[in-house]
Amino acid sequence: MLGVQGSYTSEPLRPLLLRIAIAIALLSTQANSQLQNDFHSSKCPGVEATVRNVVSAVLQSNPGLGAGLLRMHFHDCFVNGCDGSVLIDSTPNNPSEKEAGANKGTLRGFEIIDTAKAQLEARCPGMVSCADILAFAARDSVFLLKGPFWQILSGRRDSNISRVSDVNLPGPSFNFQQLTQSFAAKGLSQDEMITLSGAHTIGQSLCSFFINRLYSFNSTTAQDPSLDPVYAAKLKTLCSQNNPDPNAVVPLDPISPNDFDNSYFVNVLQGRALFTSDQALATDTAAIATVQGNSQNPSPWIVKFPQAMIKMSEIGVLTGQQGEIRKNCRVINSS
Ligand code: HEM
Ligand SMILES: *[C@@H]1O[C@H](CO)[C@@H](O)[C@H](O)[C@H]1NC(C)=O
Ligand SMILES: *[C@@H]1O[C@H](CO)[C@@H](O)[C@H](O)[C@H]1NC(C)=O
């Protein structure tokens with residue numbers, strides 16, 4: 001199954017049936033007592049199919065938006081839990097999470113959530129939260145980009161608060177210890193942090209998040225020596241030092257930007273990871289071993305990724321009578 005370039009190229013994932021079998025095996029390991037399997041099934045059958053159809057239709061013409069939805073779910077869950085707060089628009093009195101540097105101008109896919117929400121409100125008014133829709137959409141995106149599928153619990157409710165000042169996400173300049181601490185603060189282990197970082201096998205980035213590695217690394221060294229020089233030269237053509245295009249984007253995974261495969265881990269080993277935070281996985285002895293294992297054989301990572309995603313998707317959820325079911329994902333109900 002190895003690619004033509006030898007053992008350091010990424011391996012394609014296993015066939016569909018196996019990817020789904022993994023999903024069923026994982027279901028029994030879920031522990032959150034508030035969320036439920038197929039929460040909506042009795043009152044509104046087909047919720048997950050509705051979301052999947054919307055996401056699938058959009059990804060056919062724009063697969064990059066799958067990466068946008070996966071990142072959006074991460075940014076939702078890490079800020080006050082998976083409560084749909086990342087979807088709320090700013091108002092004159094309340095700059096929302098969308099204004100934060102980590103979100104503004106780069107989070108994408110909001111219209112997909114709006115479309116799914118509109119279809120579900122028409123069919124089952126007031127039943128399906130924006131937080132659940134986003135969790136389903138992120139899960140489906142991975143699968144539609146040839147990654148694993150897994151079951152997630154549902155019944156999340158939406159918050160009525162979204163404040164820019166609450167956003168405290170890990171940054172692309174973080175070192176290994178900062179990354180570990182940031183994930184630990186959300187109840188995720190170092191191993192789960194490494195596992196979830198594999199999400200950077202899809203999607204894109206603005207030059208501004210890594211351009212310091214090309215031209216202004218530190219006072220004595222212009223170019224980050226941990227970058228593969230050939231890759232760095234390529235990045236310099238895409239992100240110019242003088243007169244940079246503020247909208248220029250670079251794929252996170254130059255090998256296969258729209259395939260959810262293990263090539264991220266190959267990139268980290270080869271000095272072709274885009275962010276300092278990605279390259280940081282190659283600065284810790286135990287992490288290097290994990291990255292090497294994931295780069296050579298994707299199978300264990302393909303099982304661990306869904307497990308870590310399930311855990312992330314249950315961070316700080318609102319359930320029962322908490323919060324609300326927003327009518328419009330961009331606006332709290334009471335306003
Ligand atoms: C470990 C700490 C992390 C840092 C520092 C980080 C940072 C970033 C940055 C700076 C971007 C570029 C955004 C842009 O310019 O559009 C990005 C993109 C992305 N991130 Fe992360 N990220 C981290 C973890 C994660 C996790 C845990 C996930 C999901 C499980 C994730 C999924 C993505 C995806 C899919 C993209 C591409 C988005 C797109 O194409 O629109 N990241 N990340
Ligand atoms: C949010 O909901 C809580 C409790 O349901 C309520 O007390 C509060 O006033 C609401 N906040 C806004 C901004 O509507
Ligand atoms: C700059 O980075 C290089 C390579 O990592 C390192 O050897 C050097 O000590 C750094 N210089 C300063 C001033 O931090």
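Keep in mind the model is a prediction, meaning the values are calculated, not measured. Both counts, for ligands and for their atoms, begin at 1 and track the order of listing.
- Against a heavy-atom cut-off of under 4.0 Å, S205 is close to the following atoms of ligand 1: 12 (C), 14 (C), 15 (O).
- Close contacts of ligand 3 with F217, meaning ligand atoms under 4.0 Å from a residue heavy atom, involve 2 (O), 5 (O).
- Closest to atom 32 (C) of ligand 1 by heavy atom, among G66, A199, G198, is A199.
- Only side-chain heavy atoms of I332 come within less than 4.0 Å of ligand 2; its backbone N, CA, C and O stay farther off.
- The existence of a salt bridge linking D261 and K146 is excluded, since no basic side-chain nitrogen approaches an acidic carboxylate oxygen closer than 4.0 Å.
- A donor-acceptor pair is defined here as one N or O able to donate and one able to accept, closer than 3.5 Å; such a pair exists between the side chain of D278 and the backbone of F275.
- In this structure a side-chain-to-backbone donor-acceptor pair under 3.5 Å is present from S129 to R156.
- Every atom of ligand 1 is numbered from 1 in the order shown, and the set under 4.0 Å from a heavy atom of T106 is 14 (C), 15 (O), 16 (O).
- D76 places no side-chain N or O within 3.5 Å of a backbone atom of M72 that could act as its donor or acceptor partner.
- For L107, no heavy-atom contact with ligand 1 is shorter than 4.0 Å.
- Residue nearest to atom 9 (C) of ligand 1, selected from F275, F210, F260: F275 (by heavy-atom distance).
- The closest approach between any non-hydrogen atom of F174 and ligand 1 is not below 4.0 Å.
- For atom 11 (N) of ligand 3, the nearest protein heavy atom lies under 4.0 Å away.
- Of all atoms in ligand 3, listed by their number and element, those nearer than 4.0 Å to a heavy atom of T221 are 1 (C), 2 (O), 3 (C).
- Note: no N/O pair closer than 3.5 Å links S197 and ligand 1 by distance alone.
- Checking R71, R108, H75 against atom 40 (O) of ligand 1, the nearest heavy atom belongs to R108.
- K117 places a side-chain N or O within 3.5 Å of a backbone atom of V128 that can act as its donor or acceptor partner.
- Rounded to the nearest 0.5 Å, atoms CD (E48) and OG (S154) are 5.5 Å apart.
- For ligand 1, the atoms sitting less than 4.0 Å from at least one non-hydrogen atom of P172 are 5 (C), 10 (C), numbered in the order shown with element in parentheses.
- Ring geometry, F260 versus W301: the interplanar angle falls under 30°, so the pair is classed parallel (tilted spans 30 to 60°).
- At least one heavy atom of F183 sits closer than 4.0 Å to an atom of ligand 1.
- Environment of CG in D38: crowded, with over 12 heavy atoms of neighbouring residues, nucleotides or ligands closer than 6.0 Å.
- Residue S219 has no N or O atom closer than 3.5 Å to an N or O atom of ligand 3.
- Counting only heavy atoms of the protein, atom 4 (C) of ligand 3 lies nearest to P225 CG, 3.4 Å.
- Contact annotation for V249 and ligand 1: no heavy atom of the residue comes within less than 4.0 Å of the ligand.
- Contact annotation for atom 7 (O) of ligand 3: protein absent (non-hydrogen atoms, distance under 4.0 Å).
- Checked by distance only, ligand 1 and G171 stay at 3.5 Å or farther apart across all their nitrogen or oxygen atoms.
- Using bins of under 30°, 30° to 60° and over 60° for the plane-to-plane angle, the ring pair F183/F74 lands in the parallel bin.
- Those atoms of ligand 3 that come under 4.0 Å of a heavy atom in T220, given as number and element, are 1 (C), 10 (C), 11 (N), 12 (C), 13 (C).
- Ligand 1 places these atoms under 4.0 Å from at least one heavy atom of L179: 1 (C), 2 (C).
- Atoms of ligand 1 lying under 4.0 Å from any heavy atom of G68, numbered from 1 in the order shown and given with element: 39 (C), 41 (O).
- Of all atoms in ligand 1, listed by their number and element, those nearer than 4.0 Å to a heavy atom of L206 are 14 (C), 15 (O).
- Residue S277 has at least one heavy-atom neighbour below 4.0 Å for each of these atoms of ligand 1: 5 (C).
- With a 6.0 Å radius and a threshold of 12 heavy atoms from other residues, nucleotides or ligands, Q177 has its CD atom at or below the threshold.
- Atoms CD and CD, on Q181 and Q190 in that order, are 10.5 Å from each other to the nearest 0.5 Å.
- Looking at H73 against ligand 1, nothing comes within 4.0 Å, counting heavy atoms.
- Heavy-atom proximity to G203, at under 4.0 Å, picks out these atoms of ligand 1: 37 (C), 40 (O).
- Counting protein heavy atoms only, atom 9 (O) of ligand 3 is closest to N218 ND2, 4.8 Å.
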